[in-house]
Amino acid sequence: MCLFLQHTIPLSEMSPFIRCTICTGYFIDATTITECLHTFCRSCIVKHFFYSNRCPKCNVVVHQTQPLYNIRLDRQLQDLVYKLVPHLEQNEKRQLHEFYKERGLEVPKPVAPQPATAVKASKQKKGLLAQSVFTIPPELDVSLVLEFVGAEEGIATYKPLERKYVQVSGEATIWHVEMFIRRKMELTPGCQVCTSVATLWPVSPGLT
């Protein structure tokens, strides 16, 4: 006859492995950096990458220009966290519903896992079109203030910006902002556009 002994492990011993080092809370939407395999809450690491392209734990460069391309949701780890921490999943769902309800927004539906055929088709298209491996949610869009500073001569023929406040996706780069300015102001290819950061908060470029 075989006897199996059960050993109970306190949650406190598991906490270092299921807590985010940025917010110190338990993982919510656990997201792993592919370069170093360190894991954080999705919202925490996305906000961190607004200011840095390095892992907040080991300081490795995640990506020179687009660190969000090198992170992946870790659903297995998140399922494990929900099983280990009592009521965490229910409390998170309740807070999410309250957040969207207070703002009159539609609660986003859970993302269903893709069937094998869809995954195969996606891999086939990967070589045709470069796509982001991580989609930034709308609530993390960036608001910009465009200010014209510098040149005073030779600009009379250019169309002024109708609005200086714009909102762009968190995936947008300075290049996208420059192309937006060129199109709106109807600038010629020979006209040089320089963008500069006017604040330490998420990108607020000025036009010089």
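All values derive from a computational prediction rather than experimental measurement.
- To the nearest 0.5 angstrom, D74 atom CG is 8.5 Å from F27 atom CZ.
- For the pair T31/S43, no side-chain contact is recorded, criterion being any heavy-atom separation below 4.5 Å from C-beta on.
- Every residue meeting the side-chain hydrogen bond (donor to acceptor under 3.5 Å, both in side chains) condition with R19, not counting sequence neighbours, appears here in chain and number order: Y26.
- The salt bridge (charged side-chain N to carboxylate O under 4.0 Å, His left out) analysis of residues 28-40, with sequence neighbours excluded, yields the pairs D29-R42.
- Listed by chain and number, the residues in a side-chain contact (heavy atoms from CB on, under 4.5 Å) with L37 are T32 (sequence neighbours excluded).
- Put simply, the side chain of T65 reaches to within 4.5 Å of the side chain of H63, judged on heavy atoms.
- Note that CD1 of I28 and CD of E89 are 9.0 Å apart. Values are rounded to the nearest 0.5 Å.
- Note that CG of L84 is 6.5 Å distant from CG of L11, once rounded to the nearest 0.5 Å.
- The CZ atom of R72 lies 11.5 Å from the CD1 atom of I33; values are rounded to the nearest 0.5 Å.
- Applying the salt bridge (charged side-chain N to carboxylate O under 4.0 Å, His left out) test to residues at least two apart or on different chains, none of the pairs has a partner in residues 55-64.
- Nearest heavy-atom pair across Q78 and A30 is OE1-N, 2.7 Å.
- How far SG of C55 is from CD1 of I71: 11.5 Å, rounded to the nearest 0.5 Å.
- Under the 3.5 Å distance criterion, the side-chain polar atoms of H97 are matched with a main-chain donor or acceptor of K93.
- Hydrophobic clustering (ILVMFWY, side-chain heavy atoms < 4.5 Å, transitive): V60 and F50 are in distinct clusters.
- Under the side-chain contact (heavy atoms from CB on, under 4.5 Å) criterion, N53 pairs with V61, Q64, P67, not counting sequence neighbours.
- Here OG1 of T21 is found 4.5 Å from CZ of F40. Values are rounded to the nearest 0.5 Å.
- A search for side-chain hydrogen bond (donor to acceptor under 3.5 Å, both in side chains) contacts involving Y82 returns nothing, not counting sequence neighbours.
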